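Basis for what follows: all heavy atoms, side chains included, without hydrogens, waters or symmetry-related copies. Just so it is clear, the model here is predicted, and its values are computed rather than measured.
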Amino acid sequence: QVQLVESGGGLVQAGGSLRLSCAASGRTFSSYGMGWFRQAPGKEREFLGAITATGGSTYYSDSVKGRFTISRDNAQSTLTLQMHSLKPEDTAVYYCAATARPILGDRSSAYDYWGQGTQVTVSS
(Lines give C-alpha, C1' and ligand atoms only; values in the text may rest on other atoms or scores of the structure.)
Protein backbone atom coordinates (compact mmCIF):
# COMPACT_ATOMS: atom_id res chain seq x y z
CA GLN A 1 0.00 0.00 0.00
CA VAL A 2 0.96 3.65 -0.22
CA GLN A 3 0.82 6.37 2.42
CA LEU A 4 -0.08 9.90 1.38
CA VAL A 5 0.52 13.20 3.17
CA GLU A 6 -0.74 16.51 1.83
CA SER A 7 0.82 19.87 2.61
CA GLY A 8 0.74 23.46 1.41
CA GLY A 9 -2.74 24.49 2.45
CA GLY A 10 -3.45 27.81 4.08
CA LEU A 11 -5.24 31.12 3.83
CA VAL A 12 -5.12 33.05 0.57
CA GLN A 13 -7.01 36.02 -0.84
CA ALA A 14 -9.36 35.66 -3.76
CA GLY A 15 -7.46 35.80 -7.01
CA GLY A 16 -4.35 34.38 -5.41
CA SER A 17 -2.48 31.16 -5.96
CA LEU A 18 -1.53 28.20 -3.85
CA ARG A 19 0.48 25.06 -4.45
CA LEU A 20 -0.43 21.82 -2.71
CA SER A 21 1.87 18.85 -2.46
CA CYS A 22 1.20 15.22 -1.74
CA ALA A 23 4.13 13.13 -0.56
CA ALA A 24 3.88 9.39 -1.06
CA SER A 25 5.68 6.59 0.71
CA GLY A 26 5.42 2.86 0.72
CA ARG A 27 4.96 0.98 -2.49
CA THR A 28 6.19 2.35 -5.79
CA PHE A 29 4.53 5.69 -6.41
CA SER A 30 4.83 5.32 -10.16
CA SER A 31 2.48 2.35 -10.04
CA TYR A 32 -0.48 4.50 -9.03
CA GLY A 33 -2.78 6.84 -10.82
CA MET A 34 -3.41 9.85 -8.61
CA GLY A 35 -6.33 12.15 -8.03
CA TRP A 36 -7.17 15.34 -6.18
CA PHE A 37 -10.47 15.87 -4.41
CA ARG A 38 -11.86 18.46 -2.06
CA GLN A 39 -14.66 18.61 0.45
CA ALA A 40 -16.32 21.75 1.71
CA PRO A 41 -18.37 21.80 4.92
CA GLY A 42 -21.77 20.25 4.38
CA LYS A 43 -20.93 19.12 0.86
CA GLU A 44 -19.93 15.85 -0.74
CA ARG A 45 -16.36 15.15 -1.74
CA GLU A 46 -15.70 16.67 -5.16
CA PHE A 47 -13.36 15.34 -7.83
CA LEU A 48 -10.94 17.96 -9.12
CA GLY A 49 -8.68 16.05 -11.44
CA ALA A 50 -6.39 13.11 -11.93
CA ILE A 51 -3.11 12.13 -13.51
CA THR A 52 -2.03 8.78 -14.89
CA ALA A 53 0.74 6.75 -13.28
CA THR A 54 3.31 7.90 -15.84
CA GLY A 55 2.12 11.48 -15.76
CA GLY A 56 1.36 11.34 -19.44
CA SER A 57 -2.29 12.33 -19.16
CA THR A 58 -4.28 14.60 -16.90
CA TYR A 59 -8.01 15.10 -16.45
CA TYR A 60 -9.88 17.97 -14.80
CA SER A 61 -13.36 18.75 -13.66
CA ASP A 62 -15.05 21.67 -15.34
CA SER A 63 -15.03 23.61 -12.08
CA VAL A 64 -11.22 23.87 -12.04
CA LYS A 65 -10.17 23.40 -15.64
CA GLY A 66 -7.90 26.22 -16.70
CA ARG A 67 -7.19 27.30 -13.12
CA PHE A 68 -5.70 24.18 -11.55
CA THR A 69 -2.83 22.05 -12.83
CA ILE A 70 -1.87 18.58 -11.65
CA SER A 71 1.65 17.26 -12.02
CA ARG A 72 3.79 14.55 -10.51
CA ASP A 73 7.42 13.73 -9.98
CA ASN A 74 7.80 9.97 -9.78
CA ALA A 75 11.47 10.21 -8.87
CA GLN A 76 10.52 12.25 -5.79
CA SER A 77 7.22 10.42 -5.16
CA THR A 78 5.32 13.65 -5.07
CA LEU A 79 2.07 14.91 -6.55
CA THR A 80 1.33 18.59 -6.96
CA LEU A 81 -1.79 20.69 -7.39
CA GLN A 82 -1.05 24.20 -8.59
CA MET A 83 -4.05 26.47 -8.08
CA HIS A 84 -4.51 29.92 -9.62
CA SER A 85 -7.30 32.49 -9.63
CA LEU A 86 -8.68 31.11 -6.41
CA LYS A 87 -12.23 31.92 -5.40
CA PRO A 88 -13.97 31.82 -2.03
CA GLU A 89 -15.92 28.80 -3.26
CA ASP A 90 -12.62 26.93 -3.54
CA THR A 91 -12.48 26.86 0.25
CA ALA A 92 -12.38 23.22 1.33
CA VAL A 93 -10.21 20.44 2.65
CA TYR A 94 -8.13 19.12 -0.21
CA TYR A 95 -7.21 15.45 -0.50
CA CYS A 96 -4.90 13.46 -2.70
CA ALA A 97 -5.76 9.87 -3.48
CA ALA A 98 -4.12 6.91 -5.19
CA THR A 99 -5.53 4.14 -7.29
CA ALA A 100 -3.97 0.94 -8.61
CA ARG A 101 -6.73 0.60 -11.20
CA PRO A 102 -5.63 1.06 -14.79
CA ILE A 103 -8.42 3.49 -15.57
CA LEU A 104 -8.79 6.74 -13.63
CA GLY A 105 -12.19 7.64 -12.26
CA ASP A 106 -13.91 10.69 -10.84
CA ARG A 107 -15.57 8.96 -7.92
CA SER A 108 -14.11 8.56 -4.47
CA SER A 109 -14.78 4.84 -4.63
CA ALA A 110 -12.33 4.54 -7.52
CA TYR A 111 -9.40 5.38 -5.23
CA ASP A 112 -7.85 3.04 -2.71
CA TYR A 113 -5.63 5.27 -0.58
CA TRP A 114 -6.16 8.75 0.81
CA GLY A 115 -4.21 11.41 2.58
CA GLN A 116 -5.46 13.18 5.68
CA GLY A 117 -6.27 16.38 3.82
CA THR A 118 -5.07 19.97 3.97
CA GLN A 119 -7.26 23.01 4.54
CA VAL A 120 -7.46 25.72 1.90
CA THR A 121 -9.32 28.89 2.80
CA VAL A 122 -9.89 31.63 0.23
CA SER A 123 -10.97 34.98 1.62
CA SER A 124 -13.03 37.46 -0.37
To the nearest 0.5 angstrom, please state how far the CG atom of Leu48 sits from the CG atom of Leu81.
6.5 Å
The side chain to side chain donor-acceptor pair (under 3.5 Å) partner of Glu46 among Ser61, Ser108, Ser63 is Ser63
Side-chain heavy atoms of Leu86 within contact of Gln13, under 4.5 Å
no
Distance in Å, Cys96 SG paired with Ile70 CD1, rounded so as to fall on 0.5 Å steps
10.5 Å
Considering all heavy atoms of both residues, which atom of Ser30 and which atom of Ala53 are nearest to each other, and what is their separation?
O-CB, 3.3 Å
To the closest 0.5 Å, what do you measure between CZ (Arg107) and OG1 (Thr99)?
14.0 Å
Residue of the set Ser25, Ser77, Cys22 for which side-chain contact (heavy atoms from CB on, under 4.5 Å) holds with Leu4:
Cys22
Can you check whether Val93 reaches Thr118 side chain to side chain, under 4.5 Å on heavy atoms?
no
Just verifying a value: how many Å separate Tyr111 OH and Phe47 CZ, rounded to the nearest 0.5 Å?
5.0 Å
May I ask you to decide if the ring planes of Trp114 and Tyr95 are parallel, tilted or perpendicular, using 30° and 60° as cut-offs?
perpendicular
Of all heavy-atom pairs linking Ala92 and Ala40, the shortest is CB-N, 3.8 Å
Just by modelled atom types, is the Gln116 backbone N or O under 3.5 Å from a matching donor or acceptor in the Glu6 side chain?
yes
I need the minimum non-hydrogen distance between Thr52 and Arg72, along with the two atoms involved.
O-NH1, 2.8 Å
For Lys87, is there an ion pair with Asp90 - N to carboxylate O distance below 4.0 angstrom?
no
Search all heavy atoms of Thr78 against all heavy atoms of Ala23 and return the closest pair with its distance.
CG2-CA, 4.5 Å
Donor-acceptor check, side chain of Asp73 to backbone of Leu79, threshold 3.5 angstrom: yes or no?
no
Rounded to the nearest 0.5 Å, what separates atom CZ in Arg19 from atom NE2 in His84?
8.5 Å
From Phe68 atom CZ to Tyr60 atom OH, the distance as rounded to the nearest 0.5 Å
10.5 Å
Taking the side chain as every heavy atom from C-beta outward, state whether Phe29 and Met34 have any atom pair closer than 4.5 Å.
yes
Looking only at heavy atoms, the pair that brings Asp106 and Phe37 closest together is O-CE2, 3.9 Å
Hey, any chance Val12 and Leu20 share a hydrophobic cluster, counting ILVMFWY side chains that come within less than 4.5 Å of each other, even indirectly?
yes
Contact summary for Leu104 and Ala50, nearest pair of heavy atoms
CD1-CB, 3.7 Å
Tell me, yes or no, whether the heavy-atom count around Gln119 atom CD, taken from other residues, nucleotides or ligands under 6.0 Å, exceeds 12.
yes
Less than 4.5 Å apart, side chain to side chain, heavy atoms only: is that true for Arg45 and Arg38?
no
Close side-chain approach of Ser17 to Gln82, heavy-atom, < 4.5 Å:
yes
